[in-house]
Colleague: 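Handing you this structure, nothing more for now.
The analysis underlying the following values was restricted to heavy atoms, covering all of them including side chains, and did not include hydrogens, waters or symmetry mates.
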Amino acid sequence: MKRPIIVFDLDGTLVDTAPDLLDSLNHSLVDGALESVDYIGFKRFVGQGGRVMIERAYAAQRRALAVEELDRLLGLFMTHYTQNIPGKSLPYPGVVDAIGRLEEAGYVLAVCTNKYEANSKALIEALGLNEHFAAIAGQDTFAFRKPDPRHLLETIALAGGDPERAVMVGDSQTDIDTAKAAGIPVVAVDFGYTDRHVSEFEPSVVISHFDELTPALVEKLIVAAR
């Protein structure tokens, strides 16, 4: 029998990667003769991977960006980021304890992220968390990515989880829209990378600390969704 499953977003949900993503973004922007961005700017640009982040940064500064230049800057971004994993990135407070109690309660865990798969796996392994996840699916794992609901559903299938007993945990409108489109309840953390409060996107529930992510809460959401 397939096990109930909890699928996490990575950046801004499980792990605070903002310092390293911001460093790599600014590394590429400065090379493209743009102004560097601060943390507030970063929160407006993040959500669908490095390519989209760079595109949004250029649009914010009203600069044209040719495809060839975007490819070059993305290469700089990826090289800088990859060479510095795990950098300053750390799991959010309460993550390790939450993972432990959810596993103990019988849930299989997975990651569904718009970060590239190789970097996602490298980061999770560097932080000593890889043994907890049955599947880690990035933006390039399948031929589609969030907010396409197939990204979430195929991650669940890859992990051997039951889509009828599944919950998504994320920090952004992208995560919330993905889960809703898949017909899966979604827990939104309110400390991630969005310049609007996650409650505006109407998730199933909002939490402010991983201490609130309990088996009881997850089971309540699964029962309510049936």
Side-chain angles (χ1 to χ4, degrees), residues 1-21 39 43 46-47 84-115 117 119-138 146 152 155-156 158-172 174-176 178-179 184-194 197-199 201 203-225:
M1 179 181 292
K2 294 181 178 179
R3 294 166 59 191
I5 185 169
I6 303 171
V7 183
F8 296 89
D9 174 52
L10 184 54
D11 296 346
T13 300
L14 281 177
V15 181
D16 183 7
T17 54
D20 299 305
L21 290 173
Y39 182 70
K43 289 180 71 174
V46 74
N84 288 282
I85 291 175
K88 308 165 192 170
S89 298
L90 291 171
Y92 283 102
V95 162
V96 175
D97 289 342
I99 286 173
R101 64 175 168 265
L102 293 169
E103 285 182 313
E104 187 175 346
Y107 291 94
V108 63
L109 308 180
V111 170
C112 179
T113 174
N114 277 339
K115 196 187 205 74
E117 180 184 315
N119 282 343
S120 301
K121 290 181 174 179
L123 175 61
I124 290 169
E125 183 174 3
L127 295 174
L129 300 175
N130 56 303
E131 66 181 22
H132 299 289
F133 299 104
I136 299 170
K146 297 183 297 185
L152 174 56
T155 300
I156 291 170
L158 189 63
D162 184 352
E164 299 299 321
R165 295 184 295 161
V167 169
M168 174 81 185
V169 182
D171 73 304
S172 69
T174 297
D175 298 319
I176 295 166
T178 301
I184 290 172
V186 55
V187 176
V189 300
D190 65 4
F191 45 75
Y193 308 150
T194 174
H197 196 278
V198 285
S199 61
F201 310 124
S204 306
V205 67
V206 177
I207 63 173
S208 298
H209 194 286
F210 270 96
D211 287 351
E212 300 172 64
L213 188 64
T214 63
L217 172 62
V218 173
E219 181 62 21
K220 179 181 178 180
L221 293 174
I222 290 174
V223 169

Colleague: With sequence neighbours left out, write down each residue that passes side chain to side chain contact (heavy atoms under 4.5 Å, CB included) with Ala135, or none if nothing qualifies.
Modeller: Ala110, Leu158, Ala159
Colleague: For Asp162, check side chain to side chain contact (heavy atoms under 4.5 Å, CB included) against everything at least two apart and list the hits.
Modeller: Lys2, Glu164, Arg165
Colleague: Among all residues two or more places apart in sequence or in another chain, which pass the side chain to side chain contact (heavy atoms under 4.5 Å, CB included) test with Asp16?
Modeller: Ala18, Pro19, Tyr92, Tyr193
Colleague: Who pairs with Asp11 by salt bridge (Lys or Arg N to Asp or Glu O under 4.0 Å), at least two apart in sequence or on another chain?
Modeller: Lys115
Colleague: Got a sec, which pairs hit salt bridge (charged side-chain N to carboxylate O under 4.0 Å, His left out) with one end in residues 85-98, sequence neighbours left out?
Modeller: Asp23-Lys88
Colleague: Identify each donor-acceptor pair in which a side-chain atom of residues 120-128 lies under 3.5 Å from a protein atom, sequence neighbours left out, and give them as a table.
Modeller:
residue : atom : partner : partner atom : Å
Ser120  : OG   : Tyr116  : O            : 2.8
Lys121  : NZ   : Glu117  : OE2          : 2.9

Colleague: For Ala137, give me all partners under side chain to side chain contact (heavy atoms under 4.5 Å, CB included), at least two apart in sequence or on another chain.
Modeller: Thr141, Phe142, His151, Thr155
Colleague: Listed by chain and number, what are the side chain to side chain donor-acceptor pair (under 3.5 Å) partners of Ser204, not counting sequence neighbours?
Modeller: none
Colleague: With sequence neighbours excluded, what pairs up with Thr214 under the side chain to side chain donor-acceptor pair (under 3.5 Å) test?
Modeller: none
Colleague: Just by modelled atom types, is the Lys146 backbone N or O under 3.5 Å from a matching donor or acceptor in the Asn114 side chain?
Modeller: yes
Colleague: Any side-chain donor paired with an acceptor under 3.5 Å for Asp175 and Thr178?
Modeller: no
Colleague: Quick one: list whatever passes side chain to side chain donor-acceptor pair (under 3.5 Å) with Asn84, sequence neighbours left out.
Modeller: none
